Amino acid sequence: MNTLHLTNTQSDIERAAAILRDGGLVAMPTETVYGLAADALNGSAVRRIFEAKGRPMDNPLIVHVADFSDIERLRLVSEIPDKARALADAFWPGPLTIIMKKGDVIPDEVSAGLDTVAVRIPSHPDAHSLLLTSGLALAAPSANTSGKPSPTTAKHVINDMEGRIEAVLDGGACSVGVESTVITLVADTPRILRPGIITREDIEAVIGHVDVDHAVLNKLENNEKASSPGMKYKHYAPKARVILLRGEDEKYITFVNRRYARDKSVAAMCYDEDKSQINAPCITIGAMNDEVAQAQALFDALRAVDELGSVTTVYAHCPRATGVGMALYNRLIRAAAFEVIDLPGKRIIGLTGQTGAGKSMVAEKLREMGLPVVSADKAARLAVEDSEIKAMLCAAFGDVLLPDGTLNRKLVAQLAFSTPEKTAVLNAITHPKIAQLMLKEAEACDGDAVIFDAPQLFEAGEDAYCDIIVGVLAQPKLRMERIVRRDHITRDQAALRMSAQFGEEFFLSLCDDILYNNGTAEELDISVKELYERLVGQ
Ligand code: TXA
Ligand code: MG
């Protein structure tokens, strides 16, 4: 099938209307997103929408009409509640969808077997013309392939639907950018099923208290039933993995930059103001305090992720979940498959360095000076006591538990350090847990700055949480002597250990501050005091 590309001239709108009256599919612009329209009262036309989108049949559609009187005239609903009239007066035509008890004319394909129907009067002039010209009620979900971000331009629609539908009506970019707010009036208390640009507060100002469905902000458990079937599906997701970072803007920027320093396949989805400070490729979604602009840009931004090429992970700054932010949060958390990283509220000082350089001594001295120290080694020991981690280790390395259920550490070490690939498997399992335990301990510490004492700060990805990173370095000759003395091993064994670690260049390029420990104990005391001044004097 060739998809016709129509403009919004009256003659093209008449062509589109004719296609719809014949049971065809037309993608139409609305103020929210493009909709994929068919005659709502023609079950077989509606069925084709599901085929074109690859949409599960149990996900009901919104019925669009030109005017409030059409709802009664066409008997779309069995009863119009007073609150529906009040909401219609306040927000229609506009980006609000109201769920009511359905009328008998609604085909099962539209309601997906429910006894309710979703109705909306769009404000976009082209949608309005098409509704008027066709004289139809139009069932229209967003015109994307199921699971992808909703389309906000005709080009997005063409990318997804070319050859699958009769026509696309190009009405330019959608002004709202996220789909309508969906509210059900069928429940005892009106309940928002999907947040949009019309906020909870806007609605409450008209009809009083409304609930927000649990699934708007939370992941549904496997056995939980979705009030709005659309909420249970993976949605809005680009091919790259999206991860939300929740925390202060500076922490967000630092996190992304540190990850990018180690991994060139990461990118940022950030605010306009962040861009100049972020080293990774950026997709901006608008000014930090302009949630309306962010909503408009969001889906285009999510689609743009896949055009960045080799990007595997995108870090997006987690929006607040109130006001218009609730709509942004609801879409982004689904794009991220609910993966959120909480950035620490405290200042984190990373302390790392080469073996034998004296990092532990420096950590101990800083602790004595009053800075709490969180040890990565201690977290690593705790991490492997976690039952989930133990199960993952058994899945990767076979039965590695002792008869009492604790981990056979020796066996794991033997298996995991046999090849670099197996070491990477071990690290992928334990590192995120270790970081999580360290962050938890940091939050529980007194004061607002905490030291992360971590020999593998960079390898384990703990660096990204650090506001400042200090590397402790020393000459190889001195380190060799210290290791031999400390661990009672031969010089050859010490040399082997040293060669397995990163060299000085590595630390110089990634650390923000360097402490050289090449002198006497007294000299070290002075260096640590000076470091302390630099760290807390700022
Ligand atoms: O802004 C919009 O609402 C766009 C434009 C085209 O109008 N349409 C749109 O449709 O976003 P769609 O199908 O992508 O999303 C409709 C949502 C789905 O999550 C669906 O499950 C829910 O509304 N829904 C529709 N009818 C429902 C009903 N009777 N009960 C509960 N949820 C319903
Ligand atoms: Mg949709």
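Keep in mind it's a predicted model, so treat the numbers as computed, not measured. Atoms within a ligand are numbered from 1 in the order they appear, just like the ligands themselves. Heavy-atom basis, side chains included; hydrogens, waters and symmetry copies ignored. Counting from 1, the numbers follow the sequence of the chain as shown.
The option with the heavy atom closest to atom 26 (N) of ligand 1, from among Ala27, Ser142, Pro60, Ala215, is Pro60. Across the listed options Ser227, Gly35, Ala143, Gly35 owns the non-hydrogen atom lying nearest to atom 6 (C) of ligand 1.
Nearest heavy atoms, Ala16 versus Val26: O-CG2, 3.7 Å. Listed here is the closest heavy atom pair of Pro95 and Glu31: N-OE2, 3.4 Å.
Listed by chain and number, the residues in a salt bridge (charged side-chain N to carboxylate O under 4.0 Å, His left out) with Arg48 are Glu166 (sequence neighbours excluded). In this structure, Phe452 has no ring-ring contact (aromatic ring centres under 6.0 Å, His included) partners at least two apart in sequence or on a different chain. Under the ring-ring contact (aromatic ring centres under 6.0 Å, His included) criterion, Phe458 pairs with Phe506, sequence neighbours left out.
Looking at Glu179 next to ligand 1, no N or O pair under 3.5 Å apart turns up.
Contact annotation for Arg55 and ligand 1: only side-chain heavy atoms (C-beta onward) come within less than 4.0 Å of the ligand. In Ala140, the part holding a heavy atom less than 4.0 Å from any atom of ligand 1 is the backbone. Of the heavy atoms in Thr116, both backbone and side-chain atoms come closer than 4.0 Å to ligand 1.
Put simply, the side chain of Thr181 gets close to the backbone of Gly196: a donor and an acceptor are under 3.5 Å apart.
Within the sub-2.8 Å shell of the Mg ion (ligand 2), the protein contributes these N/O/S atoms: Ser142 OG.
Using cut-offs of 30° and 60° on the angle between ring planes, the pair His317 and Tyr271 is tilted.
Taking 4.5 Å as the limit, every side-chain heavy atom of Asp170 sits out of range of all side-chain heavy atoms of Asn8.
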